[in-house]
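Working notes, beginning with the structure itself.
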Amino acid sequence: MKKLTCILVALLIVLSLGTAVNAKTLKLAMDADPVSLDPHVQLSGGMLQYSHMVFDPLVRWSKEMTFEPRLAEKWERIDENTVRFYLRKGVVFHSGNPFTARDIVWTVDRLKRSQDFKGLFEPFVGAAVIDDHTVDLITKKPYPLLLNMATYIFAMDSVFYTGTDDQGQPKDAIVKTGYSFANMNESGTGKYRVTERQQGVKNVFTAFADYWDTASPGNVDTIIFTPIKKDATRVAALLSGDVDFIMPVPPQDYDRIAGTDGVKLTTMPGSRVITFQLNQKRRDEFKNPKVRQAIVYAINNEGIAEKIMKGKATAAAQQAPEGYLGYVEALKPRYDVAKAQELMKEAGYPDGFECTMIAPNNRYVNDDKIAEAAVSMLGRINIKVNLKTMPKAQYWDQFDAQTADIQMIGWHPDTEDSANYTEFLLMCPNKETGYGQYNSGNYCNPKVDEIILACQSETDRDKRAAMLQEVERILYNDAAFAPLHWQHLSWAGKDNVNILPIVNVMNFPYFGDLVID
Amino acid sequence: MMNDMNDAPSAQTPPILSVRALSKVFDISGGLLDQLALKDGRLRRVKTTVKALNRVTFDIAPGETFSVVGESGCGKSTLGRTVIGLYPPNGGEVYYGGQRIDVLSPRQMLPFRRRMQMVFQDPYASLNPRKRVAAILEEPLRFHHPELTAREVGDRVKEVMEQVGGDVQWLTRLPHEFSGGQRQRISIARALVVDPEFIVADEPISALDVSIQAQILNLMMDAREQRGLTYMFIAHDLSVVAHISTRVAVMYLGSLCEVAPAETLFAAPRHPYTQALLSAIPRLGKKKSGHVRLKGEVPTPIHLPTGCVFHGRCRYADERCVREIPELLEKDGGTHVACHGVAEERI
Amino acid sequence: MMDHWQRFKASDLFYDFKRDKVAIVSFAVFVLLFVCAFSAPLIAPYNPYDPANIDIMSSEIPPVWMAGGMDDYILGTDAQGRDLLSTMIYGMRISIVIGLCAVLLQAVIGIVIGLIAGYYGGKLDGFFMRLADVQLSFSYLMVAIFVSAVLQAAVGVGRFAEIAVPFLIIVIGLAQWPQYARTVRASVLAEKKKEYVEAARVTGFNSHRIMWRHILPNCMSPILVLSTIQVANAVMSEAALSFLGLGMPVTRPSLGSLINAGFEYIFSGSWWITAFPGLLLVILVLAVNLLGDFLRDVLNPKLYKG
Amino acid sequence: MAAFIIRRIVQAFVVMFIISSIGFAVKHNVGDPVWQITGISVSKAERERIREDLGLNDPVYIQYIDFLKKAAHGDLGKSYFYKKPAADVILDKAPATLELVLVSSLIIVVLSVPLGIYAAIYPKRLFSRVIMGGSIVGVSIPVFLIAIMGVYLFSVQLGWLPSFGRGETVNVGGWRTGFLTADGWRHLILPSLSLSSIMLPLFIRLIRSEMMEVLESDYIRYAWAKGLNRYRIWFLHAFKNTLLPVITVGGVQLGITIAFTILTETVFQWQGLGFLFMEAVERSDTALLVAYLMFVGMIMVVVNTVVDIIYGVVNPTVRITGAA
């Protein structure tokens, strides 16, 4: 046994030496760089991608949507409100401080203070130290998504972030719009340290010498991360060899990249659903389910997925994609112009009507082109749509004010759970509870609300699935919204960059595990 | 202060035009910020002005040809333009036919516009290059006589055109198709077409060839005969003035030096400046006369000399001339002279 | 009318025109494009605004001579499945309308201000010219971005498609009036000194009449030359604004927004979506610029420099 | 001179005031920054709290007075995105744009002067016709089209030149320069060429027409009559006098060039002020917008002043108004 351990250790050392010798540099281009070095400043894809590079979560999603141990080696449910996590030993922060259970408690406390994360951690009472390497996560009531939330707990160095900085401000302050210690400095347990940062221009990540995960095959020593906002420029940068890896890839360039020697494209179905909401408060016509159905029938979302998304999108008929609890296989896209025209006639609008639509032009993949295509499609059933597309900076303001009759919105659940879609997009809008915050269609069905609220504390997986599927069926029959598709995720890189093993449906590439041949 | 011209301009007929103590100052200092200057370490506002006319007083009787002469820059053109109302005066009064006109609004001024006209110096600039001759002549007529029919307008234009020696065919052409002399005929026609009583002619022949000058002068004199016009004729050339004028005014640096009937003035100039000016005219049959040389240089109208504006260049000047501005006083034979020397009978 | 034509035929301008091959060709090209643009509903194979003609399934079809091209779509289709040729013709109509109207607006604003500033001078002149200086130093792009922000807030986003054309006309018109104002003012200052203006005043005409009927006609050559240059500029400005996403909405594309939309496809192999509108835009602008050059040579006006 | 300087300073203040008011008036229309700094699933109440903290709920005039007070002390507000004072961000990005404009201006000067002079001296030669023809084609191609074609040809197809960014930069006392590395220069080529493509044809034509006018003038004829060396006539006598209008126009055009950096920098992802401006618009980073406008306004006032002074120096017959 001892011998075996010796051999294993030796092997590990050789392996790690080997990786050290083969250290590679990755030139990476994404559409935006992290807005801060403080992972709690903003809940956004970009910040989570950054967090996975510099910090480690307790657990993380695997490709198969199961939980993979990271800082927590194992966990167990000890009562209906508590899960105990056994933490990895010998882990050190970039500052050199050892990682302990106190850091997790400190991090959860901070998450509950963070403006962006406090919503997600609302069901939690907090975390409790059992010993140096054991910690309990306690919720207020039975919570089915406790582990999902544990993927957001990226351990921060409580010692490093405690005290006051040279400007006299507390180091743990979460500041969105100005200077703070945490915005400018980091100490995580992750594979990479931030060694150079020119915001919006260039970020350099360098491998941390004392990183705990020596079993990882990753051999990238330095990541030079440049944000490139314009799709075409990002593609040009890859094609001209200026960068090794880009994400996301615009669909129109899929063929070009796939057909170019030396670079390759990787795509994967995603869980962000793109929809149109039909505002029943602004238009009486949309109160009529027949009109809503007619619109759903008129939109050729399979055509959009095939042509505008170049086949890299899955036409949707519901909110949750395959693999989610709420997914109902029987619900299929319903494109049928004749049926749509028939429905319009039945609803009493054979000559159609005129209405307005807004959509962002830089938020979702090809969002403006999708909207434009939908306008033509609705034209076929005599609904004349005035479309205005705008940058997302202006869009959310307009969306929130419900300035148009039809508004586009895409949604990806932070919880990776079906219920989250409905909670934000389709539950009756309620200022106090915050449900239906993005329900600009003002669809309101008490039955749906009731089921969703019930499944929030339903920990039985099968029962929950049945409830969530029921909701999808109701929404489908009501044509509560016009579904378009689930966006696929896309990455492209040079041939020697092994993209596929490190990417996942959340679009958090685990760069620590990246292998460059 | 007031001289006798004020009370009784003329014993016989009332004057058609009376000018009283007319002053005109041009401000050339630009905007507020341009006026700021550092002086003695302090920021001050400094205005720069050109004193173009200084208390000019005269009368013109109906039927006269009243000439104003002086070297270039002396303010004679400004005088003409101020009299006719192109420039608003800064002081003094202008009367036409006994009515004060310098204070009238453009609308009140309209009836006088028809009665007072002007002929300009440069025939190349005074006709609108974009308008056909017919339009140039018809526009004022239609403007002042909207009651006229197209035919009546056409007839009157043709009539005037013939009077100035033009051809009816000229009417369809553009100004650039004509010679300078022809243009000046058109200019005169434009002035005549509204049937005025009084015309300010601002050096109307000085831009023309010598051979043409006489034709134009004759044309103007004929028009005076036929229409009973009164002229205020501005010139820098005394020899031209000599045989057409009834009276002549001599100007120097914005002030009148001497106003006298033409014959008197040319026979016996009283003011030292007039004397110098006349001595410069070459005359046929006369041998080199005693050419009066002036000393010094012409001062600028920005920094006007004290006292008599001419004192710096006058060989008769004394201490009073430096101190006190001489007034235009009547001497014998209808001559008015502004000179202390003449008044004191030193000269 | 005949009379005018006869006179025009006899004029220097026409004489020079007849002898200048480049001018003839560019004039012919411009007239051709102009006629095409305004007879769009007659000559375009499809109506790109009619949803019945747009099928997403026939998007990105290459031009007819390329593999995969279809006879129905001579120059291929764009990313939405619109016939590119028809869309370009309609788009050109929008570009030309915006270009001409924006110049008209600039000209009206600029001429009025230039005339007033030049004729009255003084404080008014100082004010307008400082305003022009300030605005010129910001160029139309920045002015347009701000004006568009204000106007969009004023009309609400929902109805933007309906007001996009007048909106762009106003943006470009407001952004470039100083060019006219300065040129006109310079000419007015020169003309004002001429005696024909004094003659008009002596006749008793009011300032209004003198400015518009006497001075303005004499400032026409620089205005004419400037206008040709400005039409070219306005078409380019519209393209630039559309390129930045501030221009025509995607459903009623101008040449500029077509180029912008196509830019995203340039690496994907669907080069025609950008290339043909781009080429058309360059030809249109070039024709107008060459005409402007010809006019400048013939009329030889003093343009305000800068 | 003193009055001239005072006048310019007053003018600068007026310009700054106008710009800041306009910037302020419209800043609420470019979007709500709170949406940019929070994740999408953050609750409405939380968002409202942030808005309150940032003072965005105050009436606009109060915000404006607040801004003016701070601006008087040189504080132009804080960029939400960069989490730094807006003035710092501007100064940080200015070198990139200034270097780009500088290189473009150099290209323009180096090419337009000889070409313009040549076309003026030998107007009938074939090469002159090529220059003039090329220049009119040049003005007719939108700058973004040239930039796109440049990227497509030289970066993607041929792979000779980088397609975006500034490349390797060196920080010299806070000025991040691309002039000191070969990589930096390689990255400068395409952006500076496409930026200069707007002004180069205009300058060639301007120099040509001014030079031709001067060559027609009496004193040049007189110089020929005197039998002076032709190069002396062309370059010493004629060119010196064509410089004057070129300088004036150059000053005005510099402003337009700076504005055009918006287009060029957008295509090339050049991390300068133009790019910053478009990003600030897209992110509704309003403090940055106002600061950018004021900075550009400031540059324009300074440039205009310098041009006027140079004008006065080169041409002593022109008196700068108010000069004592």
Side-chain angles (χ1 to χ4, degrees), chain B residues 27 30-34 77 80-81 83-87 104-132 135-137 139-144 172 174-175 183 186-188 190-191 193-194 196 199-200 202-204 207, chain C residues 2-4 6-8 10-13 111 115 117 119-131 133 184 187-224 299-302:
Chain B
D27 190 339
L32 172 67
L33 285 163
D34 290 323
S77 276
R81 285 172 157 76
V83 162
I84 203 139
L86 282 174
Y87 299 154
L104 296 182
S105 70
R107 185 173 291 274
Q108 291 166 319
M109 188 69 187
L110 271 186
F112 293 94
R113 291 291 185 203
R114 194 183 54 72
R115 293 159 73 187
M116 305 166 76
Q117 275 296 316
M118 186 157 175
V119 176
F120 294 90
Q121 178 179 11
D122 181 0
Y124 291 88
S126 63
L127 299 177
N128 190 332
R130 290 276 161 174
K131 286 190 188 289
R132 288 177 198 286
I136 291 174
L137 297 183
E139 199 185 5
L141 197 54
R142 286 221 173 91
F143 182 75
H144 285 291
T172 56
L174 286 165
R183 286 172 184 227
I186 298 166
S187 260
I188 293 168
R190 173 178 59 193
V193 77
V194 292
I199 289 180
V200 174
D202 184 7
E203 307 203 33
Chain C
M2 254 342 259
D3 184 40
H4 281 286
Q6 289 299 335
R7 201 166 284 158
F8 175 70
S11 70
D12 295 348
L13 191 65
I111 288 171
L115 265 180
Y119 188 77
Y120 291 113
K123 288 208 169 64
L124 213 58
D125 181 30
F127 171 75
F128 281 127
M129 288 306 112
R130 287 292 83 72
L131 193 67
D133 281 351
V184 171
S187 309
V188 171
L189 285 181
E191 292 297 320
K192 188 170 82 162
K193 293 197 194 100
K194 296 193 180 159
E195 286 171 344
Y196 74 87
V197 177
E198 290 187 320
R201 288 179 59 200
V202 167
T203 307
F205 298 147
N206 59 30
S207 311
H208 200 67
R209 181 172 179 138
I210 294 174
M211 276 195 279
W212 289 96
R213 295 226 214 144
H214 293 252
I215 296 182
L216 185 58
N218 286 294
C219 307
M220 279 329 273
S221 338
I223 290 176
L224 185 63
L299 299 175
N300 197 19
K302 271 272 170 205

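Residue numbering restarts at 1 for every chain, and letters A, B, ... go by the order of the sequence lines. Bear in mind that the values here come from a model prediction, so they are computed numbers and not experimental data.
Of all non-hydrogen atoms in B:Ser126 and C:Ala199, the two that sit nearest each other are O-CB, 4.3 Å. Minimum interatomic distance between C:Ser221 and B:Arg130 (heavy atoms only, all atoms of both residues): OG-NH2, 3.5 Å. Closest non-hydrogen pair, B:Leu127 versus C:Tyr196, comes out as C-CB, 3.7 Å. Scanning both residues, C:Thr203 and B:Arg113, for their nearest heavy atoms gives O-CB, 3.7 Å.
In this structure, chain B has heavy atoms under 4.5 Å from both the backbone and the side chain of C:Arg213. Contacts between B:Met118 and chain C at a heavy-atom distance below 4.5 Å involve backbone atoms as well as side-chain atoms. Heavy-atom distances place no part of B:Arg114 under 4.5 Å from chain C, backbone and side chain included. Neither the backbone nor the side chain of B:Arg107 comes within contact range of chain C; no heavy atoms are under 4.5 Å apart. Contact of B:Pro129 with chain C is made through backbone and side chain together, with heavy-atom distances under 4.5 Å. For a residue to count as touching a neighbouring chain, one of its non-hydrogen atoms must lie under 4.5 Å from one of that chain's; by this rule B:Leu86 touches chain C with backbone and side chain alike.
Checking side-chain atoms of B:Asn128 against main-chain N and O of C:His214 turns up a donor-acceptor pair under 3.5 Å.
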Open item on the list: Under the criterion side chain to side chain contact (heavy atoms under 4.5 Å, CB included), I'd like the reasoning laid out for C:Phe205 against B:Glu139: C-alpha separation, chi angles, the key distance, then a yes or no.
Closed with: CA-CA 10 Å; C:Phe205 298 147; B:Glu139 199 185 5; 3.7 Å; yes
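In terms of heavy-atom pairs under 4.5 angstrom with chain B, the leader among C:Lys193, C:Arg209, C:Glu198 is C:Glu198.
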